[in-house]
Amino acid sequence: RHVVVSVVVLAVVAALSTCEAAHLQEDFAGDGWLDRWILSNGKKPTAEENIASYSGKWAEEDGRLVMKSAGKHYGLSALLDNKFDFTAGAPLFFQYEVKYDTPVVCGGSYMKLLSATDESDLADLTNEKPYTILFGPDKCGGDFHLRFIYRFKNPVTNEYAEVHANPIVEAKEMLFNDKKTHLVHLAIQPSGAFEIKIDGKRVASGDLASDVDFSPALNPPATIDDPTDFKPADWVDEELMNDPEDVKPEDWDETAPQFIPDMDAEMPENWNEEAPQNIPDPEAEIPVDWDEEEDGEYEAPLIPNPKCDTGCGPWERPTVPNPDYKGKWSPRKIDNPAYKGEWKPAQVPNPGFFEETAPFAKLDPVGSVGFELWTMTDGISYDNIILTSTQSELDEFTNAWQNTHDDETAEEGITAQLIDLVLFYLNEAQEKPYMFGVGAVIVGFVVYVLYLLCGSSSEEEQPNAASDVSSSDSSSENEDKDKEIEQEEEEEEDDKEETVKEKEPVDEVTIENK
């Protein structure tokens, strides 16, 4: 009897320890990570042959996993220490650190929680490997994302669909505008409630089954357009029609131009009609390698004529709106008596309809995690990846990021702030090209201010040094003049006292007014 109880207790303890142990902890310290992670030898089926291979180079630098190649596909994955089963009723906590040493042009830095199917195919990892959850940053041009996608199997059709969380607007400012280490965090409770954080700040939350938090949502519509229904040939969907009784007026002139020359305008006094607008550059020189036999006679490039401040060439009158312009005539519109409204196909029951309110326990179990990415930017690095159900283990990794964040903040000075400013405007310029000019003006202003500060401080130091030399060389001469100066100061003080006595009432009024 005691033996049976002991066996049961040991089994329970083992089960609890399994549930509490992290499914994956990775800090890339030392060379051991090379034994835990598997490089992909696969090729992306939908990519061109010359870039289809997952040939992006990885490296470990200062305890971080770094992507070293631009314009490459990356494939790298690792088995979990124990499979994450959503039916176990434990929450899912997944987070990792990501850092951008250079502005991201286009590429992903998300991770996939790969479905626990045949784990032997990790060496051939491609985009076709099924995943249960995709989470992490993604950017291309002016599109900034922190993606959260999960795949769910339709219980009616047995087909998988991707369920996309709504865009997170904070991703742009919080992830891509500096060179700091950022922490992205996803938590999903067995109830289906989820929470997303960036650097410890909540940026999204909701429910897996919500049709508000996801687009497309989990549950499909109950009805769909009837694929066999077509708009009848005699269906009239024009709400208005031309008035058949409306006739073009006889005096309507469709040929009249919209603009006519301004007959009141006069040619400016300094306008030179004989001078050309552009002239050959008089300072241009024939290139050293110019061969007249092969290249022909050399012609200097044209530059604006300096004599054309007001204008050169034939003068033309400016145009003004034509008061007689009417444009092309068209009959007025009236209600169409044959109008039937906007045509829509009939609705039929959706054969793939289902309604799921608790999808968490029905998600496919996770057997591995991986990077399956394309990027045009190198230097992206990762660290401290954890997948667990235990808050205390998660807190250890969160605290590690906090220490890194505090160190980076402490080291941050004026130089780092300027770099962050440049990164911000580079990102903005991908959406708004005119921001390149704004950024250039700001950078130029900062350089100018620094120059003034440095220049003024150096100028202030020089006179002090000069006065020291002067005083040492002429100390005897100053001693002779001391008495004269003292006498002059006494005379000036006497004059001031008399002036003050005369102006005392005025000074009192002035002070009160001030």
Side-chain angles (χ1 to χ4, degrees), residues 22-26 74-98 108-119 121-122 125-138 145-154 159-168 171 175 183-198 202-210 213-219 356 358-373 382 384-390 393-394 397:
H23 300 272
L24 177 77
Q25 291 184 351
E26 182 59 77
Y74 283 81
L76 187 69
S77 56
L79 289 169
L80 299 184
D81 294 333
N82 51 85
K83 181 172 64 176
F84 188 94
D85 191 340
F86 290 89
T87 62
L92 179 146
F93 300 131
F94 178 61
Q95 72 180 30
Y96 63 95
E97 298 175 9
V98 61
S109 44
Y110 48 79
M111 294 189 68
K112 293 181 177 180
L113 306 188
L114 302 171
S115 303
T117 53
D118 182 7
E119 305 304 339
D121 63 353
L122 289 182
L125 174 67
T126 69
N127 62 311
E128 295 185 345
K129 169 70 176 173
Y131 68 87
T132 302
I133 292 174
L134 182 154
F135 176 68
D138 189 17
H145 297 281
L146 177 58
R147 298 194 184 278
F148 169 38
I149 306 170
Y150 71 91
R151 293 174 72 249
F152 192 82
K153 186 177 181 179
N154 186 314
E159 295 178 351
Y160 283 87
E162 292 183 347
V163 185
H164 293 242
N166 293 332
I168 297 173
L175 289 173
L183 184 70
V184 290
H185 166 93
L186 171 66
I188 310 177
Q189 300 296 331
S191 64
F194 73 89
E195 182 181 54
I196 297 173
K197 295 180 180 179
I198 300 176
R202 179 194 295 172
V203 293
S205 61
D207 191 276
L208 295 181
S210 170
D213 302 321
F214 292 87
S215 180
L218 170 63
N219 296 305
E356 179 60 65
F360 182 88
K362 298 178 182 178
L363 295 176
D364 286 349
V366 177
S368 54
V369 300
F371 299 93
E372 189 278 309
L373 303 168
Y382 308 88
N384 291 330
I385 305 170
I386 184 170
L387 173 60
T388 185
S389 296
T390 307
E393 292 178 330
L394 182 72
F397 276 62

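It should be emphasised that the depicted structure is a prediction, and the values quoted were computed from it without experimental measurement. These numbers come from the heavy atoms of this one structure, side chains and all, not from hydrogens, waters or symmetry mates.
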Going by heavy atoms in the side chains, are [X] and [Y] under 4.5 Å from each other?
X	Y	value
I149	Y131	yes
E372	Y74	no
H164	S215	no
F135	I188	no
S115	P365	no
L186	F93	no
I385	L24	yes
V184	L175	yes

Quick one: does [X]'s side chain have a donor or acceptor within less than 3.5 Å of a partner on [Y]'s backbone?
X	Y	answer
T132	D364	yes
Y150	L208	yes
T390	E393	no

Minimum-distance pair of heavy atoms, taken over all atoms of [X] and [Y]:
X	Y	answer
V163	A217	CG1-C, 4.1 Å
I168	A204	CD1-CB, 4.0 Å
P359	A209	CD-CB, 4.1 Å
L146	G136	CD1-C, 3.4 Å
V98	P137	CG1-CG, 4.1 Å
A90	P190	C-CG, 3.9 Å

key: Between F194 and F214, ring centroids under 6.0 Å   =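 Yes: the rings meet the under 6.0 Å criterion.
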note = Which of V369, L125, L134, L80 passes side chain to side chain contact (heavy atoms under 4.5 Å, CB included) with L114? Answer is L125
Any chance you could measure [X], atom [atom1], to [Y], atom [atom2], to the nearest 0.5 Å?
X	Y	atom1	atom2	value
L218	S210	CG	OG	10.0 Å
R151	E159	CZ	CD	11.5 Å
K197	L183	NZ	CG	9.5 Å
F94	I196	CZ	CD1	12.0 Å
N154	E356	CG	CD	10.5 Å
E26	I386	CD	CD1	11.5 Å

request  = Please step through side-chain contact (heavy atoms from CB on, under 4.5 Å) for the pair Y382 and M111, ending with a clear verdict.
outcome  = CA-CA 10 Å; Y382 308 88; M111 294 189 68; 5.5 Å; no
inquiry  = If only side-chain N and O atoms count, and only distance matters, is there a donor-acceptor pair under 3.5 Å linking H23 with N82?
reply    = yes
